[in-house]
Amino acid sequence: IGYNHLNDNYGSQENDIRFISKWQLPAVNKSLDVDLNLWYFNSQYDSLYTGAIAENLYSQGTFQLQFRPHITTAYNEIIFDFGLNLYSVAQTDNRIPEAKNDVYFFPEIVVSYPIVKNVLQLSGGIKGSLQRNTFQQLVAQNPYLLPGQTHRPQRTTDLFINLSGKLSSTTSFRLQGGLKQMAGKA
């Protein structure tokens, strides 16, 4: 559980509430790992600063639900990690008459193979996620951001392959290549 509050000298206010949970459910002779996460944030702005009079404030609210089931299994020496990353995002904005509801789906597949056990491993896969863009996160990156901009979540899909290993008990390496696609980056 987490809570953040932002309040600045220009009439911007934001409340951000997070509930993060991880579950491990029995599934035959494996365990199914499930992440169930809820986020809600509400932002109010006065981009022309009129003393934070309630009827002059822009108000935006975002509710985000993440459901991420995944399971790890092995066949001979190959390790498979399968999963889904599902998001439901509901957004409201007092400048727009209708609420916006979107559903996002990302596969998560990672395959690992030990070339030399405990020394050299090859792995690759695809992962996707959705990152919230709260006003507090955005002004931390850019303090000159204009209040009242619409919050859109950032979608990321990462296709990768890597080679990792140990050169000694104190030295290891990881070579990675791939393709990362980002959409909605603030």
Side-chain angles (χ1 to χ4, degrees), residues 1-27 30-47 49 52 54 56-72 81-110 125-160 176 178 180-186:
I1 296 176
Y3 174 76
N4 284 333
H5 176 75
L6 169 74
N7 194 359
D8 67 12
N9 293 332
Y10 301 101
S12 299
Q13 303 171 34
E14 182 171 75
N15 292 298
D16 180 13
I17 302 167
R18 297 172 305 283
F19 297 98
I20 310 296
S21 67
K22 294 184 181 291
W23 303 80
Q24 201 169 52
L25 306 172
K30 304 281 182 206
S31 67
L32 178 66
D33 297 317
V34 176
D35 299 350
L36 183 60
N37 304 315
L38 303 168
W39 295 273
Y40 175 76
F41 66 95
N42 180 279
S43 305
Q44 294 183 334
Y45 316 99
D46 183 1
S47 64
Y49 193 65
N56 294 337
L57 296 177
Y58 295 135
S59 179
Q60 296 178 24
T62 301
F63 175 79
Q64 181 173 316
L65 170 68
Q66 177 191 25
F67 178 67
R68 181 180 170 261
H70 56 103
I71 192 165
T72 302
D81 190 4
F82 297 106
L84 299 173
N85 213 345
L86 304 168
Y87 294 89
S88 176
V89 179
Q91 295 180 304
T92 60
D93 187 329
N94 70 346
R95 298 169 294 175
I96 302 169
E98 295 179 10
K100 183 178 180 186
N101 297 303
D102 293 313
V103 175
Y104 299 92
F105 164 82
F106 301 98
E108 288 195 359
I109 302 169
V110 178
I126 184 169
K127 289 186 174 185
S129 65
L130 191 70
Q131 178 185 336
R132 304 174 314 131
N133 285 319
T134 66
F135 186 64
Q136 185 173 13
Q137 291 169 328
L138 297 175
V139 296
Q141 296 172 8
N142 179 2
Y144 305 106
L145 186 69
L146 176 66
Q149 296 185 23
T150 303
H151 297 287
R152 280 179 268 148
Q154 174 182 318
R155 299 176 306 279
T156 304
T157 304
D158 188 12
L159 179 65
F160 65 92
Q176 181 168 331
K180 185 177 278 194
Q181 179 184 19
M182 301 171 93
K185 186 165 175 71

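Only a predicted model underlies this, so the values are computations on that prediction, with no experimental measurement involved.
Rounded to the nearest 0.5 Å, atoms NZ (Lys22) and CG (Asp35) are 4.0 Å apart. One distance of note links CG of Leu36 with CZ of Phe19; it measures 11.5 Å at 0.5 Å rounding. Interatomic distance, CD of Glu14 versus NE2 of His5, reported as 9.5 Å (0.5 Å rounding). To the nearest 0.5 Å, atom CD of residue Glu108 and atom OG1 of residue Thr157 are 10.5 Å apart. Annotation: the span from Phe41 atom CZ to Asn4 atom CG amounts to 12.0 Å, rounded to 0.5 Å. Note that CD1 of Ile109 is 10.5 Å distant from CG of Leu159, once rounded to the nearest 0.5 Å.
Here the shortest heavy-atom pairing between Ile71 and Ser31 reads CG1-O, 3.7 Å. Heavy-atom minimum distance, Tyr3 versus Arg18: N-NH2, 3.7 Å. Scanning both residues, Val89 and Tyr104, for their nearest heavy atoms gives CG2-CE1, 3.9 Å.
Taking the six-membered ring for Trp and thresholds of 30 and 60 degrees, Tyr87 and Trp39 have nearly parallel ring planes, at less than 30 degrees apart.
The side-chain heavy atoms of Ser88 and Asn101, taken from C-beta on, include no pair separated by under 4.5 Å. In this structure, the side chains of Asn37 and Leu65 stay at 4.5 Å or more apart for every pair of heavy atoms.
Asp81 places no side-chain N or O within 3.5 Å of a backbone atom of His70 that could act as its donor or acceptor partner.
Salt bridge annotation for Asp158-Lys127: absent, with no cationic side-chain nitrogen under 4.0 angstrom from a carboxylate oxygen. Salt bridge present: Asp16 and Arg132 bring a charged side-chain N and a carboxylate O closer than 4.0 Å.
Here the options are Leu38, Asn85, Ile20, Leu86, the test is side-chain contact (heavy atoms from CB on, under 4.5 Å), and the partner is Gln66; only Asn85 passes.
Applying the 6.0 Å contact sphere to NZ of Lys100 captures no more than 12 heavy atoms from other residues, nucleotides or ligands.
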